[in-house]
Every structure is written in structure tokens, then in C-alpha cells.
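Inspection log for the structure reproduced underneath, given as C-alpha cells.
Each chain gets a letter, A, B and so on, in the order the sequences are listed, and its residues count up from 1.
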There are 2 protein chains.
Amino acid sequence: MIHDPLEDLPGYALRRVSAAVMAKLAEGLSRLDLRPAESTVLLVIGANPGVTQSEVGRLLGIASANMAPLVARLADRGLIVREAVDGRSQGLTLSDGGRRITVKTRSVVDELESDLLARIPAVERAAFLKVLFALARDQDD
Amino acid sequence: MIHDPLEDLPGYALRRVSAAVMAKLAEGLSRLDLRPAESTVLLVIGANPGVTQSEVGRLLGIASANMAPLVARLADRGLIVREAVDGRSQGLTLSDGGRRITVKTRSVVDELESDLLARIPAVERAAFLKVLFALARDQDD
DNA sequence: TATTGTTATACTCTATAACTATA
DNA sequence: TATAGTTATAGAGTATAACAATA
């Protein structure tokens, strides 16, 4: 049998669990022709109509250089609408089609999150989530 | 203030924490001219001299098509040695230089893992790690 | 037939540099 | 000066398909 020198490393475990969750998410979103990053952008715009592209990027930790083509693709597909706020900022809003696909996105995400929660024993669930969210908030750059 | 519709989603929190840890790892390994995936391969070979490329890939969840160039680069740099086991398998072993860089790799990894552990309150630490490792083992594909 | 290893290729996310236009 | 947005480009990880050689 082969020895795994990484089995006791929480950082590596985080990486593997995250990768598995992301793979399932990508698969679930594929029938909507959405990528994971696009799905989070849609969810943020849906919850914050008129939000700015740079605000979305800051919230999600996506650099502005990477937001540009991402938002452009969503606009090209007619899922979001860009309206000038001032000379350099554009408020983002979901179109009707964008709202429809965002509802479906949320159901894909919710099912995945439920599956994940179900795999966490009830006894440790509260402690696990508390630590996880604290870690996520701390390095919210 | 902008509302974050993802702040209660454990899957998304996993993704953000993992991304932050990976970014720090990549930065720490850059002075060794190693990528994260390469560092894990070195650690596994170091702990299992003579291990096969396909065994390493299975353990780490790296497809064989992606293992090939990764191992080739490590061999080209003289960090690992490939010896034929049978006609189609090659046993992988660290060279002297490979052992030296693997020791440094381990210290980079260990420091990062210590930092991560230190950010987990002692009260919840055991429960958090138990769940995390269980999740990682479950989807060990 | 199944497995090992390889090549080619494409996709997704991320990172940096350089730039325009506006506040 | 600082910020919003864009373009170009590169790096890293991962995925599939197709293949040769071997068990």
C-alpha cells in the first residue's frame, strides 16, 4: 500500500474538497451554459440590482481585468443589462432572461449545498460551519 | 452596503478559503520554482520511493494525461529519476537534488499548515478537522 | 482486454502590464 | 491622483480524445 504524506494536512484537504465541490457545480451548471464564476456574478447582481462591475469584483475577489470579459459575455447573451451610472461606472441589472436563468442557477447551487450539508454529521455541523465561515471572512481580501 | 447572497453557502466558503490557501502556497513555492501540483508529487514520491506515475496520479486525483508533462518537467530538472519497473511502468525516486528541494517544500507546506491551524479556535479545532478530513476521504475518487 | 504512459488540444480561473476615460 | 473599465497575454490546473506499447 502506498503512503499518503498529505492525509493530515488541512490545507490540502480543503483543496481536494473544494475541487470536488467545484467539479460538481460545473457539471450542474453546464446545462445552463454557465461557468461557476458567471453563476456567482449573476447571483450577486440579482441580489443587488444596479450594482457596479467593480463592486461585484471586489465582493467575489475577481480582478477587474477578469471581470470585463465575464460581464461582456453575460451582456452579449442578453442576461444582464448595463446602464451608465456616471461617466465611468455602469450599473448591472438582470434582464428577464437573466432572472430566469438565475432562478435555475440558484436551484443548482442550493441542491449542491444541501448535499454538502447532509454529509456533515449533525454533531459537528455547527462548529464546522462556524470555523469555515470565519476563515472565509478573514481572508476576504 | 452591498448584499452578499453567497455568505451562507459552505461550498462557496470552501472555494474561497481554498483559493486563498493555494495562493499563499504558490507564492511560497515560487522561490523553489515549483508549482503546487509539482510539490505534492515530490512529497508523494519522497514518501514512496519507487512509486509508479499512475499510482501518484490516482492518489492525488491527477489524470494520467496531466501527470505526463508534470513528471517530465521534474525529470528534466533532475529532481526525480525514472527507472523501468516492467515494460510499461516506471518507478519514480527522488534524486539528491530532489530530496533537498523536497525538504524545503515540506517546510513551506508545514509553515502554511501551521498558520492555517493557528487561525482555527482551539474549541472547534477537533470537530472542524474531523469533518474536513472525512469530507476529503469521502470524495477521494 | 485492461493498463501505462504519451501527445495534442481546449477550457476555466487567475495574474500582470499597459492603456483610456472619468471622478 | 485615484478609480472604472478594457485589452492582451501568460500561467496553472484540469478535461477529453486518440494513440502506442505492454500486461
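In terms of heavy-atom proximity, B:E113 sits nearest to A:G11 at OE1-N, 2.7 Å.
Spacing between atom CZ of A:R73 and atom C1' of D:dT7 amounts to 19 Å, rounded to whole angstrom units. Atom CE in A:M67 sits roughly 18 Å away from atom P in D:dT3 (whole-Å rounding). In this structure, the CZ atom of B:R35 is 13 Å from the C1' atom of D:dA10, given to the nearest Å. Rounded to an integer number of Å, the gap from B:L29 CG to C:dA15 P is 15 Å. D:dG5 atom P lies 7 Å from atom CG of A:L92, rounded to whole Å. Summarising the geometry, the separation between CD1 on B:I62 and C1' on C:dT6 is reported as 16 Å, rounded to the nearest angstrom. Atom C1' of nucleotide D:dT14 and atom CG of B:L70 are separated by 12 Å, given to the nearest angstrom. Residue A:L60 contributes atom CG, which lies 14 Å from atom C1' of C:dT14 at whole-angstrom precision.
Salt-bridge annotation for B:D76 and B:R73: absent, with no side-chain N of the basic residue lying under 4.0 Å from a carboxylate O of the acidic one.
At the heavy-atom level, A:A68 lies under 4.0 Å from base atoms of the strands shown. Within 4.0 Å (heavy atoms only), B:R15 reaches no atom of the nucleic acid at all.
Within the structure, a side-chain polar atom (N or O) of B:R82 is placed less than 4.0 Å from OP1 or OP2 of C:dT6. Contact annotation: A:S64 does not reach the phosphate of D:dT6 (side-chain N/O to OP1 or OP2, under 4.0 Å). For C:dG5, neither phosphate oxygen OP1 nor OP2 lies less than 4.0 angstrom from any side-chain nitrogen or oxygen of B:R58.
The base of C:dT22 is paired with the side chain of A:R88 by a donor and an acceptor separated by under 3.5 Å.
Set against C:dT6, C:dT7, D:dG13, the side chain of B:P69 has C:dT7 as its closest nucleotide. Set against C:dG5, C:dA15, D:dA4, the side chain of A:N66 has C:dA15 as its closest nucleotide. In this structure, of C:dT4, D:dT16, C:dC13, it is C:dC13 that holds the atom nearest to the side chain of A:P36. Listed candidates were D:dG5, C:dT6, D:dA12. Nearest to the side chain of A:T52 is D:dG5.
No more than 12 heavy-atom neighbours from other residues, nucleotides or ligands sit within 6.0 angstrom of CD on A:E27. For A:E7, the CD atom sits in a packed shell: over 12 heavy atoms of surrounding residues, nucleotides or ligands are nearer than 6.0 Å.
Between A:Q90 and B:A65, the residue whose closest nucleotide on DNA chain D is further toward the 5' end is A:Q90. The residue among A:A19 and A:Q53 whose nearest nucleotide of DNA chain D is located toward the 5' end is A:Q53. Where A:M22 and B:G91 each meet DNA chain C at their nearest nucleotide, the meeting point lying more 5' is that of B:G91.
For the pair A:S18 (side chain) and A:R15 (backbone), a donor-acceptor distance under 3.5 Å is absent.
Going from atom CZ of A:F133 over to atom CG of A:D138 covers 13.5 Å, rounded to the nearest 0.5 Å.
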